[in-house]
Amino acid sequence: AGEMNASAVRAAIDAVVERCRFLERALSRFQWGSDIARLNAARGNRVIIARDTYDVLRASLGYCEASRGAFDITVGTALALWDFSNGVVPDAEELQLALEHVDWRAVELGEGDGSYWACLSDPAAQVDVGGTAKGWIADDMCSLFQAAGIANGFVNLGGNVLTFGSKPDGAPWGVGVRNPFAPDETLCVLPVDHGSVVTSGPYERFFEKGGTVYHHILNPRTGFPVETDLASATIVSERSVDGDGYSTTLFALGSKRALELVENLSGVEALLIANTGDVLVSNGLQL
């Protein structure tokens, strides 16, 4: 924190914590009265939303489009039918009905006269920005810390690590990548000066039933866990929100299509771990 005194650092941390509380109140679909909860309950009517919510939704729709729907923020209607805590597989007919309302193109955004709005052209669609909000919040937190005069630090939101500046000795931060086959172990450490590392993998939430393993990353077209040859996908990028949007997408696409996509993305690199244990790395990433 350079020459800043302890009270100034504490004030910066308190301001960031309060900002996080505000963003949770705006973005969580589980919090009554949030922008997202009101949008989902509006039955297709326009809802006035905060600028932050508008920005998160607009960014999220960009990842939906770039992935051609492999990432979809309206998959919540299908996801809600799964119970990963109690190992419940949804009824096939119910799931099929839910899938009729999974289509990110139903989300409409607009602005005018200093206000922002959103609506759902399918009144039964349900938006969930849980796949991008954490990264967006991490980016926001780092910006606030830097604006407060803190030159070096990192934010760890569990799965999203975002660094700024360097360690006090000038060395880059080291961000560990989990071994998906032994999640308590670190597979490798990535040196990061200023940027984000985000990993998506099935080990985060899953259950086994009847000899089949069901994980929480769903295919928006089937409502079932995506079938992929990857055990995890890690994104290294300047913005953590990009890591959120693209790590899930790459995991869903599988190794070949994932590498093709990331090589066409500016400032985004990937480390992919295949189910075979092979490690695949995009051209711009140095290990």
Side-chain angles (χ1 to χ4, degrees), residues 1-28 31 34-36 49-64 66 71 73 109 111 114-116 118 128-176 190-200 234-249 265-270 284:
E3 301 301 316
M4 294 182 69
N5 60 40
S7 62
V9 173
R10 171 52 57 188
I13 292 172
D14 289 345
V16 167
V17 169
E18 186 53 43
R19 171 76 172 154
C20 286
R21 290 195 179 113
F22 165 77
L23 291 170
E24 182 185 17
R25 290 194 297 267
L27 298 172
S28 173
Q31 189 146 333
S34 75
D35 285 353
I36 299 299
I49 56 176
R51 169 67 189 267
D52 296 298
T53 307
Y54 173 87
D55 287 342
V56 170
L57 284 170
R58 188 174 60 175
S60 301
L61 293 177
Y63 305 119
C64 295
F71 177 86
I73 60 171
L109 302 173
E111 59 178 302
S115 65
Y116 300 85
D128 182 346
V129 292
T132 47
K134 192 191 290 187
W136 198 89
I137 291 170
D139 292 331
D140 192 68
M141 290 171 71
C142 281
S143 295
L144 288 175
F145 279 131
Q146 290 175 292
I150 297 175
N152 308 294
F154 68 90
V155 170
N156 184 351
L157 297 184
N160 291 64
V161 177
L162 182 62
T163 71
F164 57 98
S166 61
K167 290 182 180 179
D169 63 2
W173 298 100
V175 181
L190 299 174
V192 182
D193 266 323
H194 176 85
S196 162
V197 178
V198 178
T199 299
S200 285
T234 296
I235 290 287
V236 181
S237 55
E238 183 174 343
R239 300 192 312 162
S240 193
V241 68
D242 286 335
D244 265 350
Y246 288 124
S247 62
T248 307
T249 297
L265 295 173
S266 176
V268 175
E269 302 298 339

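Numbers here simply count residues along the sequence, with the first being 1.
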Visitor: Working to the nearest 0.5 angstrom, can you tell me the gap between Thr199 OG1 and Leu190 CG?
Guide: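 Interatomic distance, Thr199 OG1 to Leu190 CG, rounded to 0.5 Å: 8.0 Å.
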Visitor: Using a 4.5 Å cut-off on heavy atoms from C-beta on, say whether the side chain of Met141 contacts that of Leu162.
Guide: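 No, side chains not in contact.
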Visitor: Is it true that a side-chain atom of Ser28 and a backbone atom of Glu24 form a donor plus acceptor pair closer than 3.5 Å?
Guide: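 Flag not set: sc Ser28 to bb Glu24 has no pair under 3.5 Å.
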Visitor: Nearest 0.5 Å, please: how far is CD in Glu111 from CD1 in Ile49?
Guide: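 Between Ile49 CD1 and Glu111 CD, I get 10.0 Å after rounding to 0.5 Å.
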Visitor: List the atom pairs, with distances to 0.1 Å, where a side-chain N or O of residues 7-17 and a protein N or O form a donor-acceptor pair under 3.5 Å, not counting sequence neighbours.
Guide:
unit_1 : atom_1 : unit_2 : atom_2 : d
Ser7   : OG     : Asn5   : OD1    : 2.8

Visitor: Please give me the minimum heavy-atom distance between Ser34 and Ala26, naming the atom from each residue.
Guide: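 Result for this residue pair: CB-O, 3.6 Å.
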Visitor: Answer yes or no: is there a side-chain heavy-atom contact under 4.5 Å between Gln31 and Arg25?
Guide: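 Yes, close enough: below the 4.5 Å cut-off.
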Visitor: Minimum heavy-atom separation for Val198 and Ser196, please, with both atom names.
Guide: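 Between these two residues, the closest heavy atoms are CG2-OG, 3.5 Å.
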Visitor: A quick test of your reading: do over 12 heavy atoms of other residues, nucleotides or ligands sit less than 6.0 Å from CD of Glu238?
Guide: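 No.
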Visitor: Can you tell whether the side chains of Glu18 and Arg21 come within less than 4.0 Å, N to carboxylate O?
Guide: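 Yes, this pair counts.
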Visitor: Indicate the atoms forming the closest heavy-atom contact of Trp136 with Val241, along with that distance.
Guide: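 For Trp136 and Val241, the tightest heavy-atom pair comes out as N-CB, 3.8 Å.
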Visitor: For residues Leu27 and Val129, report the shortest heavy-atom separation together with the two atoms involved.
Guide: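 Smallest interatomic distance, heavy atoms only, reads O-CG2, 3.7 Å.
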Visitor: Taking side chain as C-beta onward, heavy atoms only, is Phe22 less than 4.5 Å from Asp52?
Guide: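 Sidechains of Asp52 and Phe22: in contact.
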Visitor: If you apply the rule side-chain hydrogen bond (donor to acceptor under 3.5 Å, both in side chains), what do you find for Ser237 with Asp242, and how did you get there?
Guide: CA-CA 7 Å; Ser237 55; Asp242 286 335; 5.0 Å; no
Visitor: Can you list every pair that meets side chain to side chain donor-acceptor pair (under 3.5 Å) and has a residue in residues 159-174, with sequence neighbours left out?
Guide: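 Checked against side chain to side chain donor-acceptor pair (under 3.5 Å) - neighbours excluded - the pairs reaching residues 159-174 are Asn160-Ser240, Asn160-Asp244.
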Visitor: Quick one, Thr248 and Tyr63 - any side-chain contact, counting heavy atoms below 4.5 Å?
Guide: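 No, too far: nothing below the 4.5 Å cut-off.
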Visitor: Begin from the C-alpha positions of Tyr54 and Leu109 and carry the test side chain to side chain contact (heavy atoms under 4.5 Å, CB included) through to its verdict.
Guide: CA-CA 7 Å; Tyr54 173 87; Leu109 302 173; 3.8 Å; yes
Visitor: Of all the heavy-atom pairs spanning Cys142 and Val155, show the shortest one and how long it is.
Guide: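 That would be SG-CG2, 3.7 Å.
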Visitor: Phe145 pairs by side-chain contact (heavy atoms from CB on, under 4.5 Å) with which of Ile150, Asp140, Asn152?
Guide: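 Among the candidates, only Ile150 passes.
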Visitor: So which heavy atom on Thr132 is nearest to which on Ser60, and how close?
Guide: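 Between these two residues, the closest heavy atoms are OG1-OG, 2.7 Å.
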Visitor: Start with the C-alpha gap between Ile36 and Asp128, add the side-chain angles, then the distance that decides, and say whether side chain to side chain contact (heavy atoms under 4.5 Å, CB included) holds.
Guide: CA-CA 7 Å; Ile36 299 299; Asp128 182 346; over 6 Å; no
Visitor: Walk me through it: do Ile73 and Leu57 pass the test side chain to side chain contact (heavy atoms under 4.5 Å, CB included)?
Guide: CA-CA 9 Å; Ile73 60 171; Leu57 284 170; 4.1 Å; yes
